Amino acid sequence: MRKNRKYLLICLAVPLAVGGLSALLTRGGMERFKSLNKPPLTPPGWLFPVVWTILFLMMGAASYLVWKNGRPRRAARAALTLYGVQLAFNFLWSMLFFNMGLYLAAFFELIALWLLILLTAARFYRLSRGAGYLLLPYLLWVAFAGYLNFGVYLLN
């Protein structure tokens with residue numbers, strides 16, 4: 001039981017750490033973002049960290065379910081590797097968009113991220129239905145982020 005709790009905490013901490021590091025490294029870009037023209041339906045700024053925190057926790061819970069329930073182990077390892085790749089793409093998007101101001105490149109990178117999330121969710125689902133379902137809000141939010149990203153590109 002203790003070992004499971006330890007792995008759960010690790011699984012929750014990994015995406016939160018990626019998000020936290022991303023937020024820390026993009027502070028200057030976030031200030032610039034406030035001055036950009038944004039498309040309709042852009043949520044208030046305070047909502048982004050709230051949503052991302054929830055999504056990161058859901059990702060961590062999903063990865064835990066795959067780690068715990070994933071059989072065969074080889075399939076679980078492959079799914080978790082893909083999960084790690086999409087987390088890296090998530091991090092990279094923040095750097096492209098906020099720090100470098102490369103809005104079109106960030107949009108195309110976001111399309112790749114969305115596809116990676118879709119593949120990850122499908123693999124997770126095969127190993128644990130709950131894990132697959134936990135990634136669906138993330139997939140939807142990244143689709144919405146694509147709309148916002150492309151809007152920022154067009155308007156600036």
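Predicted model only: the values in this text are computed from it and were never measured. FYI, the numbering just counts along the sequence from 1.
- When hydrophobic clusters are built by joining Ile, Leu, Val, Met, Phe, Trp and Tyr residues whose side-chain heavy atoms come closer than 4.5 Å, directly or via intermediates, Leu119 is grouped together with Phe108.
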Quiz: residues 139-156 side-chain donor-acceptor pairs under 3.5 angstrom, not counting sequence neighbours:
from: Tyr147; atom 1: OH; to: Pro40; atom 2: O; distance (Å): 2.3
from: Asn149; atom 1: OD1; to: Trp93; atom 2: NE1; distance (Å): 2.8
from: Asn149; atom 1: OD1; to: Phe107; atom 2: N; distance (Å): 3.3
from: Asn149; atom 1: ND2; to: Tyr103; atom 2: O; distance (Å): 2.9
from: Asn156; atom 1: OD1; to: Asn37; atom 2: N; distance (Å): 3.0
from: Asn156; atom 1: ND2; to: Asn37; atom 2: O; distance (Å): 2.7
from: Asn156; atom 1: ND2; to: Val152; atom 2: O; distance (Å): 2.9

Side-chain donor-acceptor pairs under 3.5 Å in residues 124-131, sequence neighbours left out?
from: Tyr125; atom 1: OH; to: Arg129; atom 2: NE; distance (Å): 3.3
from: Ser128; atom 1: OG; to: Ala131; atom 2: N; distance (Å): 3.3

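- Side-chain contact check for Thr26 versus Met95: some heavy-atom pair is nearer than 4.5 Å.
- Taken from OG1 in Thr42 to CG in Leu47, the straight-line distance is 11.5 Å, to the nearest 0.5 Å.
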*Take Phe97 and Leu110 through the test side chain to side chain contact (heavy atoms under 4.5 Å, CB included) and record every step on the way to the result.*
CA-CA 10 Å; Phe97 187 88; Leu110 198 61; over 6 Å; no

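- In terms of heavy atoms, Gln86 sits closest to Leu113 at O-CD1, 3.3 Å.
- By the 4.5 Å heavy-atom criterion applied to side chains, Val50 and Trp46 are counted as neighbours.
- The shortest heavy-atom contact between Lys38 and Ser35 is NZ-N, 4.5 Å.
- The backbone N or O of Pro49 sits less than 3.5 Å from a side-chain atom of Thr53, completing a donor-acceptor pair.
- Under the 3.5 Å distance criterion, the side-chain polar atoms of Asn99 are matched with a main-chain donor or acceptor of Leu25.
- Taking 4.5 Å as the limit, some side-chain heavy atom of Phe91 sits within range of a side-chain heavy atom of Leu21.
- Proximity of Phe98 to Arg27: side-chain heavy atoms (C-beta onward) are nowhere separated by under 4.5 Å.
- In this structure, Pro15 and Cys11 approach most closely via the heavy-atom pair CD-O, 2.9 Å.
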Distance-only criterion, 3.5 Å: show the donor-acceptor pairs between side-chain atoms of residues 72-85 and protein atoms not counting sequence neighbours.
from: Arg73; atom 1: NH1; to: Trp67; atom 2: O; distance (Å): 2.7
from: Arg73; atom 1: NH2; to: Trp67; atom 2: O; distance (Å): 2.8
from: Thr81; atom 1: OG1; to: Arg77; atom 2: O; distance (Å): 2.8

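- Side-chain atoms of Met59 and Leu87, non-hydrogen and from C-beta on, do get closer than 4.5 Å to each other.
- In this structure, a donor-acceptor pair under 3.5 Å is present between the side chains of Asn90 and Tyr138.
- Linking ILVMFWY side-chain heavy atoms closer than 4.5 Å, directly or via other members, places Tyr7 and Val66 in a single hydrophobic cluster.
- No donor-acceptor pair closer than 3.5 Å links the side chain of Lys68 to the backbone N or O of Leu8.
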